[in-house]
A.B. asks: 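Below are the structure tokens for one structure; questions will follow.
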Amino acid sequence: ALRGHSGWKPAWRNPEPQPGYDFVIVGGGGHGLATAHYLAKVYRKSRIAVLEKGWIGGGNVGRNTTIIRSNYLLPGNEPFYELSLQLWEGLEQDLNYNAMVSQRGVMNLFHSDAQRDAARRRGNGMILHGSDAELLDTDGVRSEAPFLNFNNARFPIKGALMHRRGGTVRHDAVAWGYARSADRHGVDIIQNCEVTGFRIENNRVLGVETSRGYIGAGKIGVAVAGSSGRVMSQAGMRLPIESHVLQAFVSEGLKPVLPGVITFGAGHFYVSQSDKGGLVFGGDIDGYNTYAQRGNLPVVEDVCEGGMALMPMIGRTRLLRMWGGVMDMSMDGSPIIDRTQIDGLYFNGGWCYGGFKATPASGRVFAHLLATDTPHETATAYRFDRFEKGLMIDEKGAGAQPN
Ligand code: FAD
């Protein structure tokens, strides 16, 4: 089938690093690439480089379970995630790239009266912030997903909070689309370039030491997700962030069976179906701190038990692949997008297990911060000092499920 497919040009250049740039973004994941794209396209900045220690798409942007949604509750979060969903809705036009944005709906199940109350409250909060929410009863869930275990006496399905604008996006296409667009706007994307240190004088950052030599910078934005603690320690900072591994699983390809994303409310399990047919699912993080990109068997067992409790038919499919990614878990479950105490050094991280859905908004607001030195109106709460002042945004995401 590939006969005749020759002479393809790379989607972005492979430039040598320049001695210096106005803006250096450390980390070529979704957030770093989106930041570069918006800095160049929206804020009309130039002399921008993205430094990536590995290859584009090799980090969590290409390892996640692809779920996007705007179903947060707290005022510090929901406007930001709603901005993100709106940017997803126009992303393919913006990038001129097919990222397979699919608003197939996200259904958060609940299994008790107390959970129904919480879901109703969250749904009202979402609607107040301009998002969409619908409360389904048991029959409403049954009509969407008749294969769920409705007879399980231990976790009866009492209904669900349905968020129809949520869904999935082909994750690595997001990295490639942002990379191609940033490149076309003149951004240098430099792969195999690990930042190993910061040059700081009189409390101002001057540039970065890298595996490909010193690169000067007017401003530096760090967006390295699971490596946040390690990279920022090179600037002498200790972050309120711990790194843990999160695993993902894909089954063999099946005919279409799942209507959209489904999350279990009585255990750590969530599932969707890729366009190729594989069931894509996951659960809880591995409980210990690590920078390793692979997890351990107890979590595999835990995830599979959750799957069996929710939809026993999953036991008939074969697992095809599984992998892990390193999560930057903040202390309150919400991100940090802020200046640091070092002039010219900015930080974006603490995405926990939910940063994929945030990619467009994160890039947009980080670019705003870097370009204007003021926080974007949807990200004013994502400050470092919220931990010091007790202004935590204590929201792990919608319910207990990572995604
Ligand atoms: P990354 O892609 O990890 O980018 C960071 C980059 O920094 C990496 O490429 C890394 O190589 C680079 N880097 C690190 N150190 C250096 C250095 N010293 N110098 C240069 N470069 C460096 N979120 C959702 O919203 N929905 C989901 O369904 C979802 N599911 C997930 C499932 C799994 C299994 C995992 C692992 C994550 C999931 N997430 C999900 C979370 C989401 O993937 C992350 O929060 C998000 O991708 C992090 O931002 P990023 O894309 O910029 O990270």
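As the structure lists them, so they are numbered: ligands from 1, and atoms in each ligand from 1. Scope of the values below: all heavy atoms of this structure, side chains included, with no hydrogens, waters or symmetry mates.
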A.B. asks: Would you mind telling me if ligand 1 is within reach of the side chain of Ala175, the backbone, both or neither, using heavy atoms under 4.0 Å?
C.D. replies: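 Neither part.
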A.B. asks: Out of Tyr178, Phe356, Trp351, which one pairs with His31 under the ring pair (Phe, Tyr, Trp, His ring centres under 6.0 Å) rule?
C.D. replies: Trp351
A.B. asks: Under 4.0 Å from a heavy atom of Ala223: give me the atoms of ligand 1 that qualify, with their elements.
C.D. replies: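 Taking each heavy atom of Ala223 in turn, ligand 1 has 5 (C) under 4.0 Å.
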A.B. asks: Purely on distance, is any nitrogen or oxygen of Gly32 under 3.5 Å from one on ligand 1?
C.D. replies: no
A.B. asks: For a side-chain hydrogen bond (donor to acceptor under 3.5 Å, both in side chains) with His244, tell me which candidate from Asp284, Thr290, Asn289 qualifies.
C.D. replies: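 Output: one option passes, namely Asn289.
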A.B. asks: Within a distance under 4.0 Å of any heavy atom of Gln247, pick out the atoms of ligand 1 and give their elements.
C.D. replies: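 Matching atoms, with element in brackets: 34 (C).
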A.B. asks: So, regarding Lys53 and ligand 1 (criterion: nitrogen or oxygen to nitrogen or oxygen, under 3.5 Å), is there a contact or not?
C.D. replies: yes
A.B. asks: Ignoring angles and geometry beyond distance, decide whether Glu52 reaches within less than 3.5 Å of ligand 1 through its nitrogen or oxygen atoms.
C.D. replies: yes
A.B. asks: If the condition is salt bridge (Lys or Arg N to Asp or Glu O under 4.0 Å), which residues does Arg383 pass it with, not counting sequence neighbours?
C.D. replies: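 Once residues adjacent in sequence are excluded, the partners of Arg383 under the salt bridge (Lys or Arg N to Asp or Glu O under 4.0 Å) criterion are Asp338, Asp385.
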A.B. asks: Ignoring angles and geometry beyond distance, decide whether Gly324 reaches within less than 3.5 Å of ligand 1 through its nitrogen or oxygen atoms.
C.D. replies: no
A.B. asks: Tell me whether Arg199 forms a cation-pi arrangement with Tyr214, defined as NZ or CZ under 6.0 Å from the six-membered ring centre and within 45 degrees of its axis.
C.D. replies: yes
A.B. asks: Could an N or O of ligand 1 be found under 3.5 Å from any N or O of Met327, whether backbone or side chain?
C.D. replies: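 So ligand 1 has no N or O lying under 3.5 Å from an N or O of Met327.
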A.B. asks: Report yes if some N/O of Asn60 lies less than 3.5 Å from some N/O of ligand 1; otherwise report no.
C.D. replies: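 Yes.
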A.B. asks: Can you list every pair that meets salt bridge (Lys or Arg N to Asp or Glu O under 4.0 Å) and has a residue in residues 238-262, with sequence neighbours left out?
C.D. replies: Glu252-Arg318
A.B. asks: Taking Leu51 as the fixed residue, which of Ile215, Ile25, Ile189 is the one that meets the side-chain contact (heavy atoms from CB on, under 4.5 Å) rule?
C.D. replies: Ile215
A.B. asks: For Leu51, counting its heavy atoms only, list the atoms of ligand 1 lying under 4.0 Å from any of them.
C.D. replies: 20 (C), 21 (N)
A.B. asks: Are any of the N/O atoms in Val326 less than 3.5 Å from those in ligand 1?
C.D. replies: no
A.B. asks: Using a 3.5 Å cut-off on N or O atoms only, is Thr65 in polar contact with ligand 1?
C.D. replies: yes
A.B. asks: Taking distance alone, with no angle check, do Gly54 and ligand 1 share an N/O pair under 3.5 Å?
C.D. replies: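 Gly54 vs ligand 1: no N/O contact under 3.5 Å.
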A.B. asks: Ignoring angles and geometry beyond distance, decide whether Gly355 reaches within less than 3.5 Å of ligand 1 through its nitrogen or oxygen atoms.
C.D. replies: yes
